[in-house]
Amino acid sequence: MNAYGGIATDTQELERLLRKLLAPSRLPSYIKSARYELGTDHIGEPAVRVFLAITPETDVLLSNDKIKLKAYGDYKDDLSARILKLESGYFPFIRLVEAA
């Protein structure tokens, strides 16, 4: 059972739930946007790659501020846990990318 009371068995349902988790209103203020890709990992298992876009200034800030870096780590861990709770069979890989 997932965090929304059901099992995300098909990719359409999984994508709907991912869009909800990554909605702009739910992102921390320093993350400009988020996107995801469904695919496989290096051994062929289902994977969801989440790309969190930040500015170069935010990258420097995270590098120099341990409190903000911990807050990002906590957000990333929480997001991973929420994706795993969907029980879709897709493992989350989350990374920061430079905003366009």
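Each residue takes its place number in the sequence, starting with 1. Not measured: the values here are computed from a predicted model.
- Looking at heavy atoms from C-beta onward, I83 lies out of side-chain contact with F91 at the 4.5 angstrom threshold.
- Using a 4.5 Å heavy-atom threshold, the side chains of T40 and P46 count as separate.
- Around the CD atom of Q12, the shell of radius 6.0 Å holds no more than 12 heavy atoms that belong to other residues, nucleotides or ligands.
- L96 is listed as a side-chain neighbour of L62, based on a closest heavy-atom distance under 4.5 Å.
- Once rounded to the nearest 0.5 Å, the distance linking CG of L38 with OG of S88 reads 8.0 Å.
- A donor-acceptor pair is defined here as one N or O able to donate and one able to accept, closer than 3.5 Å; no such pair exists between the side chain of D65 and the backbone of L61.
- Residues E37 and F51 approach most closely at CD-CE1, 3.8 Å, considering heavy atoms.
- Under the 4.5 Å side-chain heavy-atom criterion for grouping Ile, Leu, Val, Met, Phe, Trp and Tyr, V48 is connected to I94 within one hydrophobic cluster.
- The distance from the CG atom of L79 to the CG atom of L27 is 9.0 Å, given to the nearest 0.5 Å.
- Between Y30 and Y75, the shortest heavy-atom contact is OH-CB, 4.3 Å.
- Taking 4.5 Å as the limit, every side-chain heavy atom of R82 sits out of range of all side-chain heavy atoms of L86.
- Taking 4.5 Å as the limit, every side-chain heavy atom of L21 sits out of range of all side-chain heavy atoms of L17.
- Residues satisfying the salt bridge (Lys or Arg N to Asp or Glu O under 4.0 Å) test with E45, not counting sequence neighbours, are none.
- Counting heavy atoms from C-beta on, the side chains of E15 and Y36 come closer than 4.5 Å.
- In this structure a side-chain-to-backbone donor-acceptor pair under 3.5 Å is missing from R49 to R35.
- Residues Y90 and T11 meet the side-chain proximity criterion, which asks for heavy atoms closer than 4.5 Å.
- In this structure the side chain of L52 reaches within 4.5 angstrom of the side chain of V50, judged on heavy atoms.
- Residues forming a side chain to side chain contact (heavy atoms under 4.5 Å, CB included) with T55 (at least two apart in sequence, or on another chain): K32, E57, T58.
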Worksheet entry | side-chain contact (heavy atoms from CB on, under 4.5 Å) between S63 and L69, intermediate numbers included | CA-CA 7 Å; S63 298; L69 184 60; over 6 Å; no
